[in-house]
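Shown next, in structure tokens, is the structure this report addresses.
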There are 2 protein chains.
Amino acid sequence: MSLHIAPSRARAQVPTATIERLPAYLHVLEHLRDAGITTVSSVDLAARSGVTSAKLRKDLSHLGSYGTRGVGYDVDFLHRSIADWLGVRQPLDVVIVGVGNLGHALAAYRGFAGGGFRIVGLIDVDPDVIGRTVACGDALITVRPLADLEFIAGRAQIGVIATPDASAQAVCDRLVAAGISLILSFAPRFLSVAPGVEVRAIDMSVELQILAFRQRQTPLSAGAVSA
Amino acid sequence: MSLHIAPSRARAQVPTATIERLPAYLHVLEHLRDAGITTVSSVDLAARSGVTSAKLRKDLSHLGSYGTRGVGYDVDFLHRSIADWLGVRQPLDVVIVGVGNLGHALAAYRGFAGGGFRIVGLIDVDPDVIGRTVACGDALITVRPLADLEFIAGRAQIGVIATPDASAQAVCDRLVAAGISLILSFAPRFLSVAPGVEVRAIDMSVELQILAFRQRQTPLSAGAVSA
DNA sequence: TAGATTGTTAATCGATTAACAATC
DNA sequence: TAGATTGTTAATCGATTAACAATC
């Protein structure tokens with residue numbers, strides 16, 4: 001990586017692969033903390049996260065030096081350090097477009113609050129759904145019509161697309177036009193967006209296909225236990 | 001990769017990264033086919049899939065030679081070839097444990113049938129939900145009690161865990177004990193399983209955190225447009 | 001001091017990319 | 001033939017791993 005551009009914020013580039021694992025560590029650390037465990041070794045934490053200890057130590061070493069040789073990591077301190085580093089402490093506002101079964105499931109999802117996210121808006125087109133109140137963590141949010149999308153999106157940083165496939169691209173375009181640059185999509189279609197907008201797409205069917213194929217290709221497990 | 005073991009089924013190992021992209025190509029090809037487009041170039045197909053054309057050609061080259069130089073790929077032939085190769089033609093049976101909002105969303109998901117999956121069972125603990133009939137694609141499936149898990153699992157190859165976090169590991173253990181070796185989990189916790197069992201976990205909160213962080217780290221887009 | 005465990009090094013492995021010869 | 005596009009090569013890049021010196 002050597003895209004020098006700009007006065008460069010020194011923070012030595014952390015590998016993508018590492019970033020994608022950090023939330024998992026965070027989650028395990030929360031479990032440990034809740035269980036009253038105060039210290040953990042890289043071997044233990046790694047096993048609970050489904051990675052090797054070498055990989056875990058390498059990952060953490062990119063963020064800094066948070067452990068004590070001969071002892072391990074302080075659960076609470078490491079958790080705070082990673083959370084700070086990821087920027088989880090400063091919650092991001094989320095708008096969900098499409099309040100069907102999936103939208104409801106997402107709204108009800110307890111993990112959001114803990115992960116530093118706050119649902120600030122729910123949008124749908126169905127007259128039967130518009131106006132209904134949905135419990136999102138502690139808050140009660142009223143479902144608003146599609147016409148209000150721009151207004152609501154203006155208050156959010158993240159847009160979640162949980163609409164049918166056919167409407168996904170249109171919704172995506174409107175979200176981007178309203179200033180959203182982070183989109184999580186559950187529609188089984190590739191969304192094209194302007195440069196600078198980050199899209200992460202989850203397609204259940206694709207996930208199942210990958211899973212099914214992996215098994216077929218490795219009939220005699222090569223270590224198994226995945227995250 | 002050189003894990004020689006066993007009489008080795010020659011089929012030259014295809015890279016994991018390639019396998020994970022194949023379902024996306026498949027999906028775009030379906031769109032093209034439905035739109036009546038019969039031929040597509042690697043540049044076009046790649047753009048619609050969110051990858052570079054070099055990567056696409058390299059990926060396809062691992063499966064075989066399905067294009068025509070100077071012309072491109074026949075949409076229908078390439079689709080059939082990839083589908084055959086992935087083994088999508090022979091549908092896999094799925095049991096979903098946990099029929100809350102997420103379970104319902106999964107059951108209603110149209111993409112499953114097209115992707116070569118068939119839902120054969122729904123399990124829940126809630127007396128209000130047990131006995132209810134849910135439309136899964138064409139089929140109507142009745143939600144059965146947790147006690148029936150082993151019976152239903154015996155008829156399935158894939159288990160989907162859509163229960164609350166607290167029950168996930170227990171359900172996972174029972175699925176594995178019942179002979180399931182492919183598990184897709186939506187519980188935000190790491191599941192430990194015996195070697196040979198493949199687990200793929202999707203945690204919405206983790207997905208959002210990765211998304212949010214990516215944006216923070218690349219303030220001036222480095223190409224953007226992701227799959 | 002002896003035992004334990006981190007943080008880092010260097011070697012290996014796998015994935016991406018650009019370029020182009022082969023060929024329609 | 002001229003133009004287009006594949007399939008493959010070789011170079012680059014990034015991620016994983018094992019081993020160990022540093023240090024509690």
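What's counted below: heavy atoms across the whole structure, side chains too, no hydrogens, waters or symmetry copies. Bear in mind the structure is a predicted one, so any value in this text is a computation, not a measurement. Proteins get letters first, then strands, A, B, ... in listed order; numbering begins at 1 in each.
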Practice problem: Before giving the answer on side chain to side chain contact (heavy atoms under 4.5 Å, CB included), spell out for Leu45(A) and Leu78(A) the whole-Å C-alpha distance, their side-chain angles and the decisive distance to 0.1 Å. | Solution: CA-CA 11 Å; Leu45(A) 181 54; Leu78(A) 183 58; 3.9 Å; yes
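- Between the C1' atom of dC13(C) and the CD atom of Gln13(B) lies a distance of 14 Å, rounded to the nearest Å.
- Here dG14(C) presents its P atom at 15 Å from CZ of Arg21(B), a figure rounded to the nearest Å.
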Quiz prompt | Secondary structure of DNA chain C in dot-bracket form (Watson-Crick or G-U wobble, distances below 3.5 Å, | marking inter-strand pairs) | solution = ..||||||||||||||||||||||
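- Protein atom CG of Asp59(A) is 10 Å distant from nucleotide atom C1' of dT16(D), rounded to whole Å.
- Rounding to whole angstrom units, CG of residue Leu60(B) and P of dT6(D) are separated by 9 Å.
- The distance between atom CD of Glu20(B) and atom P of dG14(C), rounded to the nearest whole Å, is 15 Å.
- Between Ile19(A) atom CD1 and dA15(D) atom C1' there is a gap of 13 Å when expressed in whole angstrom units.
- When distances are taken from the side chain of Ser41(A) to each of dT16(C), dT6(C), dG7(D), the shortest belongs to dT6(C).
- For residues 26-54 of chain A, every residue pair satisfying the ring pair (Phe, Tyr, Trp, His ring centres under 6.0 Å) rule, not counting sequence neighbours, is listed here: His27(A)-His31(A).
- Between the P atom of dT6(C) and the CG atom of Leu63(A) lies a distance of 15 Å, rounded to the nearest Å.
- Residues passing the side chain to side chain contact (heavy atoms under 4.5 Å, CB included) test with Gln169(A) are Cys172(A), Asp173(A), Arg189(A), Leu191(A), Ser192(A), sequence neighbours excluded.
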Quiz item: Passes side-chain hydrogen bond (donor to acceptor under 3.5 Å, both in side chains), Asp203(A) versus Tyr109(B)? Steps please.
Solution: CA-CA 10 Å; Asp203(A) 180 337; Tyr109(B) 191 60; 2.7 Å; yes
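- Atom C1' of nucleotide dG7(C) and atom NZ of Lys55(A) are separated by 18 Å, given to the nearest angstrom.
- Closest heavy-atom contact between Ile180(A) and Leu182(A): CG2-O, 3.3 Å.
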Quiz prompt | Reading 5' to 3' through nucleotides 19-24 of chain C, protein heavy-atom contacts under 4.0 Å coded B for base, S for sugar-phosphate only, - for none | solution = B-BBBB
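- Applying the side chain to side chain contact (heavy atoms under 4.5 Å, CB included) test to Arg21(B) and every residue at least two apart in sequence or in another chain returns Ala17(B), Thr18(B), Tyr25(B), Val51(B), Lys55(B), Asp59(B).
- Evaluation of the salt bridge (Lys or Arg N to Asp or Glu O under 4.0 Å) rule for Arg80(A) yields Asp76(A) as partners, not counting sequence neighbours.
- Leu149(B) approaches Ile123(B) most closely through the heavy-atom pair CA-CD1, 3.8 Å.
- You'll find that the side chain of Tyr73(A) is closest to dG7(C), out of dA15(C), dG7(C), dA15(D).
- Within 4.0 Å of Thr52(A), counting heavy atoms only, lie sugar-phosphate atoms of the nucleic acid but no base atom.
- Tyr73(B) approaches Ser41(B) most closely through the heavy-atom pair CD1-C, 4.4 Å.
- Among the nucleotides dT16(C), dT17(D), dT6(C), the one closest to any side-chain atom of Lys58(A) is dT17(D).
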